[in-house]
Structure formats: C-alpha cells, structure tokens
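The structure appears right after this line, and notes come after that.
Letters A, B, ... mirror the listed sequences (proteins, then strands); counts begin at 1.
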Number of protein chains: 2
Amino acid sequence: MIRDLITTKCLYSETIIPYYPVMQKTARKSQPIARPPGRPREFDMDTALDRAVRVFSERGYHATSIGDLTTAMRLATGSVYKAFRDKHAVFLAAFERYVALRQEQTRSAAAKGANGRERLRNMLLSYVAHSQGSEGRRGCLVVGSAVELSAVDPVVAALVSARLETNEGFIAGLIREGQADGSIPRHVAADDTARLMICITQGLRVVGKARLSLDGKRLVAVAMKLLA
Amino acid sequence: MIRDLITTKCLYSETIIPYYPVMQKTARKSQPIARPPGRPREFDMDTALDRAVRVFSERGYHATSIGDLTTAMRLATGSVYKAFRDKHAVFLAAFERYVALRQEQTRSAAAKGANGRERLRNMLLSYVAHSQGSEGRRGCLVVGSAVELSAVDPVVAALVSARLETNEGFIAGLIREGQADGSIPRHVAADDTARLMICITQGLRVVGKARLSLDGKRLVAVAMKLLA
DNA sequence: AACTATAGGAAACACTTGTTCCCTAATATG
DNA sequence: CATATTAGGGAACAAGTGTTTCCTATAGTT
C-alpha cells in the first residue's frame, strides 16, 4: 500500500546529499556591450552556431534555455529570433552544423589509411579520441538527440536516423574497399558488421560521457577482430 | 558577417515543416477521482515508480514535468511531494528501480547458458531484444541519464558510472568463466573485451531509439567474433 | 465513541521559460 | 545631404515550471 511507503520524513530522499542544479547561470545577465550599438558584430553565423553546438551537446535540448543560447552565441534575444524562427530552429541549425563538421573530421581521419582495413582502424581510433576528455564529456549531439528527442520529435528523429544510416553506409563501404584490396577477408558480412560498428561508435560516446577511461589502442585492437 | 546571414525572413528555418511539440499533454488535467477522497489507493510505490520510469525513459528528465509524473504515477501533486523531496528525488528512485529490474532481467537471461560463452551470447541477445520495439523506442534510463545528465548532475553521473562498471565487471566475469570452462580461448583480453561490449550494449540502446532495425541473431553472431 | 494523526488531493505561489514587441543607431539609397 | 531600411538589443509578456500550502476525510488509538 502506498501509505506504507510514504512518510512525512520523505523516505525516498535520504540518500541524496547535494541538491540538483549545480552549474549553469554564472553570468546570465549579458555583459554591457563595449561597442557602439547597431554596429554589426565581427563574427559569422557558423562560429555562433559552433557555440550553440557546445551548449546543446553538453546540456541537451530541454535544459538549454534561450538565455544560455544568447550568452553562448553572444547575441541578444531579439537577434536570435531574427535569425531563427524559434529555439527548435536554432537546434536544427546547430545539429546540421555539427553533423557537417564531424563528418568532415571522420572522413579525413579515415582517408589517411593505406587500405580499407587501415581506414577502418583510423576511423575507430578517431571516434575513441573524440569520445574522450572534454569533448567526450560534452558529448555527441547526434547521440544526445537520438536519446533525448527521437521519441518525441519526428523531425529530429528523421535527421538522426539519416545520419546513422549515412555513417553505416560509410563503414560498410570501407569494409568492401578492404575486401577489394585484400586487407579484409571476403567472408566478413559487410552490412551486419557495419551496423554493429555503428553501435560501437555510438556506445563509445555514451561511455565517454560517463567519464569511463577509453584506451584507444586496446579497444580498437579488440574491435578489429570483427574483421577477421 | 552576421548580418549577411540574418534576414527578416528567418533564413535558417525554411526547411522546417512541422512545428516542434508533437505528443504530450493529451489529458494534463487530472481526471475527476471516482473513489471517496482520503481512501488509500490500491497500488504500491513500485508500480508507481515503474510508471515514472516509463515517462522518464521516453522523454528524459527535463522534458518530464511534474504534471506528466502525477498523471503517469496516478498521484496528486501533493502526494508526490509527500513521498519525495522533489522531482530529482523521484528521478533517483525511478532510476534505482529501473536498474534493479534490468539487472535482474539481464542476469537471469545470462544464467540460462550452459557455459561462459553461451551466457555471454544470451546476455547480448537479451540486450538486442530490449533495444527493439516499443521498449527500444522508450529507451534505456541509464543511457538517457548518461547522455542528458552526466555532464551537469554529479549524483546521477556517479550512479551511471557505477552501473556501467558493474555491468562491465559482470561481462568480464562471464568471459573468465568461459575461459575456465574452455568455451572461450585464454588469449582473449577479458577487461578490454568487456569494455568494448559495454559500448556495444549502450550503443544498441542508442540505435534502438533511432528505430533502426536490429537483427539479434546476426548482430550477436558478429559480436561473438570478439571472443575468438 | 470521540479524538488524533495523516494519506492524499488540489489550488495557490513564485519563478523560469520561450516568444514578441518596440526602440535605437548605423547603413544603404535617392 | 536627407531619408528609408534594418541589424541588433533588451524590456515586456504570457504560459508553463517546480514547489508549497492548506484542506478533507479516513484510519488508528484510547
């Protein structure tokens, strides 16, 4: 019965030591502008979006307020709403910016390999690297969107699926390249292995957020057994 | 320059067809109670928490309002705050409830195997199964917490890490069991393989949320190559 | 049987949120 | 040079948030 468990002394909460909101709102009030007002700022929208990406990645969509965005992007509220229809539109723009950047990074990391097998190894190593340290702690916007929004936001859900499928296709392509150049055995099931590797890469970002240490060399060495 | 990109016509938003909030708030107003007030309800706190788990898993912490919780748990606002200090405390209780349940499911799935190798296969198959369908769409509360809260909430971050490490230890144990009973070769690096498998399991939940189809048999067959 | 304590409910509260509105000053145009 | 336009800012707004408070009717006690 519920009244057996509910007590006036708040039974379920005695284990909680600190209270929830920890960081955030250090300088919510926008600092006084030093330049003459009306004078256009000296940065482009991409840098502003990069800053938005940082906030969205770290806190997620719902925990990021317009105030957080304006201070991060160094724009006033009105300016944000002149550039974007609403918060959701800012998020989508940030998402696309993030995806473009990450795709470039991943592809160029892979490109350094001599054959298909090496390109795959490089890609995995790059993923581990990005899942660690401060970037790892900040998190991946694709993973964050998948987890936080896919169930409730069909637009984001579609973007996320599309992104995962693109990545999976890229990996499957690398496997086939490796099979063509002889660095990966023919009997490896390209599509299944690619899907599992997508799981690995996304899982790396989750584990990286939990601050577990990730030894790239060793983890990738194990993962490469999937290509045996 | 920012003014090159900012237009009064809202440049960045023309691709967005539907507007954001899609589901939620179908019956926010609590339905009139049919029973005499003051009469204790006929369910225990665990079922109420299970309902909370569903909401938190699906929408995440920040997107779940107290209103969502009260309708889901079928409790009035005051009752929730009599049982828990605040929303955060409800979340922690739901988290622990979820973890206990999932742990039981995973262990009992693994236990059906005859040797270490089979127990590992069963565990992986169970993870794939739980990452699919409606449960997959709802999502894993551990993954969700890791992604949404680990960076800003030290309490949740600690719970998540602890959970991942427990799981990893369990997997490493299964590997060692397999090595002892001869079903897994001695040269397999138990700890590294376990950490990679944690990535796979967490990644499965991410991919499952994105509604990509997951063929358990085939995916696990590929993953088992890690034990070669 | 009268009384006390309290489980459970719902309205009120203070605050934050996303969004809009309007002002100002610099640029571009004629 | 005078005028129209608009980038950018920030105050004001309404709706939603988490939380508190108080009420009521039951359950347990003497």
Side-chain angles (χ1 to χ4, degrees), chain A residues 1-11 13 19-21 24-25 28-45 48 52 59-71 73-91, chain B residues 1-11 13 19-21 24-25 28-45 48 52 55-56 59-71 73-91:
Chain A
M1 306 282 281
I2 194 168
R3 59 206 185 93
D4 295 337
L5 286 158
I6 292 185
T7 78
T8 11
K9 289 296 170 196
C10 191
L11 176 75
S13 305
Y19 189 65
Y20 174 62
Q24 204 171 13
K25 64 188 64 164
R28 170 65 53 89
K29 280 285 174 193
S30 58
Q31 62 285 14
I33 34 160
R35 65 186 176 74
R39 189 75 210 304
R41 304 292 300 276
E42 279 303 326
F43 56 64
D44 58 345
M45 182 53 82
R59 308 189 194 169
Y61 179 79
H62 289 287
T64 302
S65 73
I66 300 288
D68 297 331
L69 280 175
T70 53
T71 55
M73 300 172 85
R74 301 187 200 162
L75 286 172
T77 326
S79 306
V80 170
Y81 277 87
K82 272 231 178 64
F84 304 95
R85 178 193 305 173
D86 52 19
K87 182 185 169 186
H88 192 245
V90 182
F91 181 81
Chain B
M1 307 283 281
I2 194 168
R3 60 208 185 91
D4 296 336
L5 286 160
I6 291 186
T7 78
T8 9
K9 288 297 171 197
C10 188
L11 177 75
S13 306
Y19 190 63
Y20 174 62
Q24 205 172 12
K25 65 189 66 164
R28 170 66 52 89
K29 281 284 176 196
S30 59
Q31 62 284 14
I33 33 159
R35 66 184 176 75
R39 189 76 208 304
R41 303 293 299 276
E42 281 303 325
F43 56 64
D44 58 345
M45 183 54 82
V55 194
F56 276 132
R59 309 189 193 168
Y61 179 80
H62 290 286
T64 302
S65 73
I66 300 288
D68 297 331
L69 280 176
T70 54
T71 55
M73 300 173 84
R74 301 187 199 161
L75 286 173
T77 327
S79 307
V80 170
Y81 276 88
K82 272 230 179 62
F84 304 95
R85 179 192 301 173
D86 52 18
K87 181 185 170 187
H88 192 245
V90 182
F91 181 80

- request: Let me know the distance between CG of L69(A) and P of dT19(C), rounded to the nearest Å.
  value: 11 Å
task: Let me know the distance between NZ of K87(B) and P of dG18(D), rounded to the nearest Å.
output: 4 Å
Bend angle of the helix from dA1(C)-dT30(D) to dG30(C)-dC1(D), end axes from five pairs each (to 10°): 0°
- prompt: With respect to the side chain of S79(A), which nucleotide from dT19(C), dT19(D), dG8(D) is positioned closest?
  reply: dG8(D)
task: Could you tell me the separation between the CZ atom of F91(B) and the CG atom of L69(B), rounded to the nearest 0.5 Å?
output: 10.5 Å
- prompt: Could you give the CG-to-P distance, from D86(B) to dT20(D), as a whole number of Å?
  reply: 8 Å
field: Nucleotide dA10(C), atom P - distance to CG of L75(B) in whole Å
entry: 11 Å
query: Looking at dG18(C), dG8(C), dA7(D), which one has an atom nearest to any side-chain atom of K82(B)?
result: dG8(C)
statement: To the nearest angstrom, the NE2-C1' distance between H88(B) and dT19(D) comes to 16 Å
- request: Can you tell me the distance, in whole Å, between the CE atom of M45(A) and the P atom of dA7(D)?
  value: 11 Å
For the student: nearest non-hydrogen atoms of T64(A) and R59(A), plus distance: OG1-CB, 3.7 Å
- request: List the atom of F84(A), the atom of M73(A), and the distance in Å for their closest heavy-atom pair.
  value: CE1-CE, 4.2 Å
Interatomic distance, F84(A) CZ vs dT19(C) C1' [rounded to whole Å]: 16 Å
field: Heavy-atom side-chain proximity of Y61(A) to H62(B) below 4.5 angstrom
entry: no
message: Which heavy atom of Y81(A) sits nearest to which heavy atom of D86(A), and what is that distance?
response: CE2-CA, 3.8 Å
task: Starting from the 5' end of DNA chain C, give me the residue, I66(A) or G78(A), whose nearest nucleotide shows up first.
output: I66(A)
task: Starting at CG of D68(B), measure out to OG1 of T70(B) and round the result to the nearest 0.5 Å.
output: 7.5 Å
message: Starting the side chain at C-beta, find the nucleotide from dG9(C), dG9(D), dT19(D) nearest to A76(A).
response: dG9(D)
message: Given dG9(C), dT19(C), dT17(C), identify the nucleotide with an atom nearest to the side chain of S65(A).
response: dT17(C)
- request: Write down the distance between CZ (R85(A)) and P (dT19(C)), rounded to a whole number of angstrom.
  value: 11 Å
query: OP1 or OP2 of dT20(C) sitting under 4.0 Å from any side-chain N/O of Y81(A)?
result: no
